[in-house]
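For reference, the structure discussed in these notes is given below.
Residue numbering restarts at 1 for every chain, and letters A, B, ... go by the order of the sequence lines. Scope of the values below: all heavy atoms of this structure, side chains included, with no hydrogens, waters or symmetry mates.
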Amino acid sequence: MARPFDVEEVELKWQERWRQSGLYEVDNDDARERFYALCMYPYPSGVAHQGHVRNYTFGDLVTRYQTMRGRAVLSPFGFDSFGLPAENAAIKAGSHPRIFTDQRIGELRSSVQRLGAVYDWRREVQSHDPEYIKYSQSIFLKLYEAGLAYRANAPVNWCPGCATVLANEQVNGDGTCDRSGDLVERRNLEQWFFRITNYADELLSELDSLEWPERVKTMQRNWIGRSEGVEFALRVAGRDDLTLRVFTTRPDTGFGVTYAVVAPEHPLLGQLTTPECESQVEDLVVRATNASELERTASSDAGAGLAKRGAFTGSYVINPFTGDPVPVYVADYVLGTYGTGAIMAVPAEDERDFAFAEVHGLPVVRTVAPPDDFEGGAYAGDGIKINSGFLDGLDVATAKLRAREFLVANAEGEARVNYRLRDWLVSRQRFWGCPIPIVYCATCGTVPVPESALPVTAPDDVTMDATGQSPLATHEGFRHTTCPRCGGSATRETDTLDTFTDSSWYFLRYTDPFTPNRPFDPAQAAKWMPVDQYIGGIEHAILHLLYARFYMKALVDVGVAPGVTREPFRRLFTQGMIRMDGSKMSKSKGNLVAPEQYYSTVGADGLRLFHLFVGPPADDFDWTDQTNDVIEGCARFLDRLWRLADYHDVRWHDAEVPADREVRRAIHKTIAKVTDGMERWSYNTAVAALMELLNTLSKWAREGDGAYRPLLDEAIDVMCQLLAPMAPHVSAELWARRHDDEMVHATAWPTADPDYLVDDTVTLVVQVAGKVRARLEVAADITEADAVAHALNDPAVQAALGGAAPSRTVARLPKLVNFVP
RNA sequence: GCCCGGAUGGCGGAAUGGUAGACGCGGGGGCCUCAAAAGCCCUUGGCCGCAAGGUCGUGUGGGUUCGAGUCCCACUCCGGGCACCA
């Protein structure tokens, strides 16, 4: 495609000028109103792909727009540079992960720059930078001192493919690894955890205050999984020394408890098991603990469809409501890690209990009358209580309260809130991550590495091989050390931290990477935080966004970030995915459409404009055969603007004529529309408004009397300014040519003059019974009487009314009159 | 199974209870040219009609309203999240 200018020359020139100008470097004492714009920092995977282009186009638009609005915009960039891909690549090539990482950081950085996205590069962060490691570790130690980091032996998720443990958040619903897709195994290991559950309540309640997409908030709410209920004691029949505590959200169904269940891991299981039941219980426990997550859930096409595995323990507990003994089972459908690890079972009102009862021949007693047309087993809905003694006749909500009072009075009951959220497992048996700064000493036990000895960094002389084991664990020079406390010989922790710990505070480092010897100055962090606009992919809805929220709160509490906001991201925008042939466009799918191929033809500007124009930013879009045509169309728009700015084919008239007023209106209406689009993330309509204005101007300037020069110049200037955040190179070049080499991005965003937003005459739509029958050009300030009279005068309206007077008239002046016959 | 989204021309989409289809892609026609490319102009939801015009039309069926793509109820299909959390 022949373009009226040399795209690459123009784009490279401006990228250099922006670098030199320092326009987007902000100092911490900047007096302008602050604005923090941030895209989630990327894993450095090499040259940018279309997903990056989309992401950084949005981010750059926000940065440039807010700067033109007069704000000091903090717009930093960095790299989430620890992680498994680099480690795997190093294993393959027999080299060091740093080599890959540094190379790919270079590639990604220059492709982001080639896009024309601008950042304050002085603030760049890299997770694997020893300076960053130092502070990641110092933060870990602060959490440790505060009791928020602890080591425990627990059943954990082990991914054989990644050769490491995973957090619960990294395991898919089907028991496979989020990253490799391998089947996750359960292992009991001594691991480091962060006490995120301490913050469960705050993490949940603070969601309400965030301007985030509802669905992300919903996903977090579900993940945290708060449930209110009652914990109480079931007396074990014939065993005065033994009670079994259970948790329920449905105390009202107590009269329907026909058995109880303990998890295979339950500590009292041994005591509950009678000699004659021992072998079957043991059998079940062995099967349950050896079973992978997948085996435990494989048969679960639906919660009710499970083959409920379980065994009778031989013991009975007393139902406190009825006084009757009910059998105690052990079953793997009850989780040892939730609630008390034991439940009261109500088959009539719980699907899982119902399925189990069916398999094991246990009685079902309804305590809620189901609707007449109800078919099926368990009924969990609302209704009137039956078979429930003192609760009979009540609705479920009231019965819950009464039943709770009863349990508090009679069964050591207490109101309780449980959460689905578990503590965050942060140990990883990997090499390419932040080492956990802990030393184990035979005499002193677990000893933190002193602040002065940080960072603890991995040695360079390692061989990456395919054993799957981290070289840290076997590197004697790293492992063996002296105890910081007693000086005796000791060993280092050889696990590294989950890379999500790095991404949980990088946005704080950006605010102040300048103050020596601390991760950041809290006063600077307090100045810039919270992030005003955070932009990233929906795939981080739970993991990163939940962890970062936890970190922020914890850092405030442990004194790393005193006085800083407890919520890091005020507004979140999640961009849509780019799909091709039905699946996400990604390196692993091998369906990338490389952005570089466009730079010499349509330029970064053409590609950026396309990403803005193609549809709502939050929606996914499909890259199809038609896509290249749309990209060309966007470049064509820039070409047309360029030619108009060159006065190509333009005719002139000398003095302003009344008809020019319409052009002036069009300019101001466009300012209003584009500004509104910027605020509402409606970039596709903002681009459309600019295209529309260009169509108007082109027609005006090239037909009839032609253009009035000062007005055309004003229009082109405004278009350059409105386009500056979207297609920064072309608008910068045009502006510089017209204004003595000035920078359009340093100008103030135009404002619409309200006088020009209203028309003198408008189209009055006349409806009869809601159907459009006439359109009349009327004065904008027409009175109702005039409008109605005028409308009734129209032949088409008269015909539709059939000569009769309307029974009712609805007027919404000046746009609409509706007659009801 | 539960919870969220979504469904509008040939295609991407626009329309924050008031003119459905802005803008763009694609299609059709024309200008320019020896010819083509590029560029420019016109046209483009379906049906009836030579036309003027009429009529139908936003997944389906109801409802609210003077008026519904938009609000409410039920359903169908598509996408996503969660799924033994008691």
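The side-chain hydrogen bond (donor to acceptor under 3.5 Å, both in side chains) contacts involving residues 762-780 of chain A comprise Thr761(A)-Glu777(A), Thr763(A)-Glu777(A), where partners must be two or more places apart or lie in separate chains.
Among residues two or more places apart in sequence or in another chain, the side chain to side chain donor-acceptor pair (under 3.5 Å) test is passed with Thr685(A) by Ser682(A). For Arg245(A), the side-chain contact (heavy atoms from CB on, under 4.5 Å) criterion is met by Glu231(A), Ala233(A), Thr340(A), Glu412(A), Glu414(A), not counting sequence neighbours. Remark: Arg680(A) pairs with Asp676(A) by the salt bridge (charged side-chain N to carboxylate O under 4.0 Å, His left out) rule, at least two apart or across chains. The side-chain contact (heavy atoms from CB on, under 4.5 Å) test applied to Asp794(A) returns Ala774(A), Leu776(A), Ala796(A), Val797(A), not counting sequence neighbours. Residues satisfying the salt bridge (charged side-chain N to carboxylate O under 4.0 Å, His left out) criterion with Asp620(A), sequence neighbours excluded, are Arg579(A).
Counting heavy atoms of neighbouring residues, nucleotides and ligands inside a 6.0 Å radius, atom CZ of Arg215(A) does not exceed 12 of them.
Atom C1' of nucleotide C82(B) and atom CD of Glu351(A) are separated by 15 Å, given to the nearest angstrom. In this structure, Leu612(A) atom CG and G24(B) atom P are separated by 16 Å, rounded to whole Å. Rounded to an integer number of Å, the gap from NZ of Lys400(A) to P of A86(B) is 10 Å. If you take CZ of Arg215(A) and P of C3(B), they are 18 Å apart, rounded to a whole angstrom. We find that CG of Asp639(A) is positioned 15 Å from C1' of A37(B), with the value rounded to whole Å. Separating the CE atom of Met219(A) from the P atom of G80(B) is a distance of 12 Å, rounded to the nearest angstrom. When rounded to the nearest whole Å, the span between CE of Met577(A) and C1' of G81(B) equals 13 Å. One can place CG of Asp620(A) at 19 Å from P of C11(B), the figure rounded to the nearest angstrom.
Salt bridge Glu211(A)/Lys217(A): absent, no basic N to carboxylate O contact under 4.0 Å. By the 4.0 Å N-to-carboxylate-O rule, Arg309(A) lies close enough to Asp332(A) to be salt-bridged with it. Checked for salt-bridge contact, Arg226(A) and Asp201(A) meet the test: a charged N lies under 4.0 Å from a carboxylate O.
Applying the Watson-Crick and G-U wobble criteria (two distances, each under 3.5 Å), A51(B) pairs with nothing in any strand. The partner of C25(B) is G10(B), by the rule that a Watson-Crick or G-U pair needs both atom distances under 3.5 Å. When both pairing distances are held under 3.5 Å, A86(B) makes no Watson-Crick or G-U pair with any nucleotide shown. Across all strands shown, the partner of C40(B) is G30(B), judged by Watson-Crick or G-U wobble contacts whose two distances both fall under 3.5 Å. In this structure, C71(B) and G63(B) make a Watson-Crick or G-U wobble pair, each of the two defining distances being under 3.5 angstrom. When both distances must be under 3.5 Å, the Watson-Crick or G-U wobble mate of G17(B) does not exist.
Separating the P atom of A7(B) from that of C56(B) is a span of 25 Å, rounded to the nearest Å. Here the separation of C72(B) from G5(B), taken at their P atoms, is 11 Å to the nearest Å. When the C1' atom is compared between A22(B) and U44(B), the two are found 15 Å apart, to the nearest whole Å. Using atom C1' as the reference point in both G46(B) and A35(B), the two lie 39 Å apart (nearest Å).
The phosphate of A86(B) has OP1 or OP2 within less than 4.0 Å of a side-chain N or O from Ser227(A). For the pair Arg420(A) and A83(B), the criterion of a side-chain N or O lying under 4.0 Å from OP1 or OP2 is met. Look at Tyr338(A) and you'll find a side-chain N or O under 4.0 angstrom from OP1 or OP2 of A86(B). For Arg808(A), a side-chain nitrogen or oxygen approaches OP1 or OP2 of C66(B) to under 4.0 Å. An OP1 or OP2 oxygen of G57(B) is reached within less than 4.0 angstrom by no side-chain nitrogen or oxygen of Lys771(A).
Of the candidate nucleotides C66(B), U55(B), A86(B), C66(B) has the atom nearest to the side chain of Val820(A). Proximity note for Tyr333(A) (side chain, C-beta onward) versus G13(B), C84(B), G24(B): the nearest is C84(B).
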Interface polar pairs with nucleotides 25-27 of chain B, N/O, under 3.5 angstrom:
from, atom 1, to, atom 2, distance (Å)
C25(B), OP1, Arg636(A), NH2, 2.5
C25(B), O2, Gln626(A), OE1, 3.3

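Partner of Leu723(A) under the side-chain contact (heavy atoms from CB on, under 4.5 Å) criterion, out of Asp605(A), Leu609(A), Val687(A): Leu609(A) alone.
When each of Ala769(A) and Gly615(A) is assigned the nucleotide of RNA chain B with its nearest heavy atom, Gly615(A) is the one assigned upstream, toward the 5' end. Sequence order on RNA chain B of the closest nucleotides to Arg643(A) and Thr340(A) puts Arg643(A) first from the 5' end.
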I'd like a table of donor-acceptor pairs (distance under 3.5 Å, sequence neighbours excluded) in which one partner is a side-chain atom from residues 667-674 of chain A, with atom names and distances.
from, atom 1, to, atom 2, distance (Å)
His668(A), ND1, Asp753(A), N, 2.9
Lys669(A), NZ, Asp759(A), OD1, 3.0
Lys669(A), NZ, Asp759(A), OD2, 3.0
Thr670(A), OG1, Ala666(A), O, 2.7

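Contacts of Arg422(A) with the nucleic acid, taken as non-hydrogen atoms under 4.0 Å apart, include base atoms.
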Item to check | Where protein sits on nucleotides 15-23 of chain B, one letter per nucleotide: B base, S sugar-phosphate only, - none, heavy atoms under 4.0 Å | outcome: SB-BBS-BB
